[in-house]
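Chain naming here is simple, since letters A, B, ... match the order of the sequence lines and numbering starts at 1 in each. Below, all heavy atoms of this structure are taken into account, side chains as well, without hydrogens, waters or symmetry copies.
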2 protein chains.
Amino acid sequence: MNIGKASKLSDLTVKTVRYYANIELVKPKQSNFTGYREYSEEDVLKLKFVGKARKFNFSIEECRELLSLYENENRSSKEVKKITLEKICEIDKKLKELKGLRNELSYLANNCHGDDKPNCPILDAFSQK
Amino acid sequence: MNIGKASKLSDLTVKTVRYYANIELVKPKQSNFTGYREYSEEDVLKLKFVGKARKFNFSIEECRELLSLYENENRSSKEVKKITLEKICEIDKKLKELKGLRNELSYLANNCHGDDKPNCPILDAFSQK
DNA sequence: TTTATACTTTCCCCTTAGGTCAAAGTTTAT
DNA sequence: ATAAACTTTGACCTAAGGGGAAAGTATAAA
């Protein structure tokens with residue numbers, strides 16, 4: 001099938017699918033008559049796989065790693081679990097950081113009257129030496 | 001003062017300070033003899049202000065907006081509060097998203113034996129149709 | 001069969017917020 | 001006078017594609 005159909009089936013944009021071909025993440029055969037990319041059913045499965053992993057916040061390089069484990073019949077689930085646990089750690093760090101930010105910002109917002117006067121604790125906090 | 005000193009005083013890298021000059025976020029005078037940028041005390045205060053706001057996850061464009069409010073004697077604190085509340089909303093959305101991801105990933109990880117066998121619920125989830 | 005429409009290709013520039021490196025000019029210290 | 005430290009602009013790099021142009025290809029309608 002052509003890229004348009006593969007794109008629809010995998011629920012990715014054509015641009016994305018073409019990008020994945022360019023970086024050799026999911027690389028279909030390419031006709032030497034027309035130059036059109038020819039996607040197989042298996043290619044579509046891989047595209048879907050990557051789409052899912054990307055939604056789980058895995059980077060392209062991590063997707064590449066997961067994909068090679070996915071394709072490897074001799075893989076151990078240990079490897080996959082390790083990568084996943086690392087990703088969870090990463091998310092935890094990000095969560096902590098964002099929660100801290102949120103607390104500070106909401107503290108500032110709570111102390112700002114939000115009226116038509118220029119006095120503003122938020123700006124004061126930002127201009128603190 | 002030159003950019004090096006302004007950079008140290010504001011706790012930003014020279015590159016960052018130069019970048020802010022280029023995008024006219026904090027734009028110092030520039031000597032027409034040597035071409036060196038000449039930072040004033042006030043410029044440094046603005047740099048620090050931006051540095052703080054950036055740490056609070058405000059984008060450069062949002063910093064530009066906050067900075068113009070900061071410089072505007074006739075501002076109303078309402079405007080600043082509005083921007084801040086929007087930023088809090090944004091952070092809340094991101095938090096929700098990340099928490100969802102974390103839950104799904106940790107569910108998958110908990111169900112993965114993490115042994116030397118190829119069977120892996122994580123990969124199974126990613127390859128689900 | 002011709003034409004119109006839809007699809008595909010490669011190529012180039014754009015995004016955030018700077019980082020890295022190079023060549024050349026300037027200032028300061030020895 | 002010269003070396004070291006500082007500054008300038010410029011070009012290219014990051015992640016993960018998006019947007020659009022120009023040109024080739026396929027398919028459907030007239």
Side-chain angles (χ1 to χ4, degrees), chain A residues 1-40 43-44 46-67 87 90-91 94 97 101, chain B residues 1-40 43-44 46-67 87 90-91 94 97 101:
Chain A
M1 73 189 82
N2 287 343
I3 198 170
K5 190 170 179 192
S7 148
K8 274 202 189 75
L9 290 178
S10 61
D11 211 26
L12 298 172
T13 70
V14 170
K15 270 288 182 184
T16 296
V17 176
R18 193 172 288 135
Y19 176 66
Y20 291 167
N22 285 335
I23 64 174
E24 307 198 8
L25 179 60
V26 179
K27 200 171 172 60
K29 281 183 290 191
Q30 196 156 13
S31 158
N32 37 9
F33 295 106
T34 66
Y36 282 19
R37 293 178 179 83
E38 289 174 3
Y39 285 86
S40 67
D43 288 330
V44 172
K46 288 185 199 171
L47 286 173
K48 283 186 180 177
F49 180 94
V50 172
K52 284 265 177 65
R54 291 283 301 131
K55 280 192 185 161
F56 277 101
N57 248 23
F58 287 95
S59 72
I60 295 286
E61 286 318 306
E62 287 166 333
C63 287
R64 201 187 292 277
E65 206 172 341
L66 288 172
L67 204 51
K87 179 57 60 180
E90 230 177 81
I91 292 178
K94 193 76 190 170
E97 190 191 322
L101 276 185
Chain B
M1 73 189 83
N2 286 343
I3 198 169
K5 190 169 178 196
S7 148
K8 273 202 189 77
L9 289 179
S10 62
D11 212 26
L12 298 172
T13 70
V14 169
K15 265 299 180 182
T16 296
V17 175
R18 194 171 286 135
Y19 175 66
Y20 290 170
N22 284 336
I23 63 173
E24 307 198 9
L25 179 60
V26 178
K27 199 171 174 61
K29 281 183 289 191
Q30 196 156 13
S31 159
N32 37 10
F33 295 106
T34 65
Y36 281 18
R37 293 178 180 84
E38 289 174 3
Y39 286 85
S40 66
D43 288 330
V44 172
K46 290 185 198 172
L47 287 173
K48 282 186 180 178
F49 179 94
V50 172
K52 286 265 177 65
R54 291 284 300 130
K55 281 191 183 159
F56 276 100
N57 246 22
F58 287 94
S59 73
I60 294 285
E61 287 317 307
E62 287 165 334
C63 286
R64 201 187 291 278
E65 206 173 342
L66 287 172
L67 203 51
K87 178 57 61 179
E90 229 177 81
I91 293 178
K94 193 77 190 169
E97 190 191 323
L101 276 183

_Span of DNA chain C, from the first to the last nucleotide whose atoms fall under 4.0 Å of chain B heavy atoms_ = C/dA17 to C/dT27
Run the side-chain donor-acceptor check on residues 23-33 of chain B: report pairs under 3.5 Å with partners two or more places apart or on a different chain.
unit_1: B/Gln30; atom_1: NE2; unit_2: B/Gly35; atom_2: O; d: 2.8
unit_1: B/Ser31; atom_1: OG; unit_2: B/Phe33; atom_2: N; d: 3.0
unit_1: B/Ser31; atom_1: OG; unit_2: B/Thr34; atom_2: N; d: 3.2

_Upstream residue (5' side of DNA chain C) when A/Asn22 and B/Ser59 are each assigned their closest nucleotide_ = A/Asn22
*Qualifying salt bridge (charged side-chain N to carboxylate O under 4.0 Å, His left out) pairs, either residue in residues 53-65 of chain A, two or more places apart*: A/Glu61-A/Arg64, A/Glu62-A/Lys87
*Who passes side chain to side chain donor-acceptor pair (under 3.5 Å) against A/Asn2, sequence neighbours left out?*
none
*Minimum side-chain heavy-atom gap B/Lys94-A/Lys94 below 4.5 Å*: no
*List the steps, then state whether side chain to side chain contact (heavy atoms under 4.5 Å, CB included) holds for A/Tyr20 with A/Ile60.*
CA-CA 9 Å; A/Tyr20 291 167; A/Ile60 295 286; 3.5 Å; yes
*asked:* Run the ring-ring contact (aromatic ring centres under 6.0 Å, His included) test against B/Phe58 and tell me which residues pass, sequence neighbours left out.
replied: A/Phe126
_How bent is the helix from C/dT1-D/dA30 to C/dT30-D/dA1, measuring the angle between the end axes built from five pairs each, rounded to 10°?_
30°
*Rounded to the nearest 0.5 Å, what's the gap from CG on A/Leu101 to CD on B/Glu90? Could you check?*
11.5 Å
_For A/Lys15, side chain to side chain contact (heavy atoms under 4.5 Å, CB included) partners two or more places apart_ = A/Thr13
_Interface residues of residues 1-16 of chain A with DNA chain C (non-hydrogen, below 4.0 angstrom)_ = A/Asn2, A/Ile3, A/Gly4, A/Lys15
*Considering only heavy atoms, which members of residues 30-37 of chain A lie under 4.0 Å from some atom of DNA chain C?*
A/Gln30, A/Gly35, A/Tyr36, A/Arg37
*Donor-acceptor contact below 3.5 Å, side chain B/Asp43 vs main chain B/Ser40*: yes
Listing, residues 5-12 of chain B side-chain donor-acceptor contacts under 3.5 Å, not counting sequence neighbours, or none:
unit_1: B/Ser7; atom_1: OG; unit_2: B/Leu12; atom_2: O; d: 2.7
unit_1: B/Ser10; atom_1: OG; unit_2: B/Ala6; atom_2: O; d: 2.7
unit_1: B/Ser10; atom_1: OG; unit_2: B/Ser7; atom_2: O; d: 3.3

*Report the residue (A/Glu61 or B/Arg18) whose heavy-atom-nearest nucleotide on DNA chain D is the more 5′ of the two.*
B/Arg18
*Opening and closing nucleotides of DNA chain D in contact with chain A, under 4.0 Å to non-hydrogen atoms*: D/dA16 to D/dA26
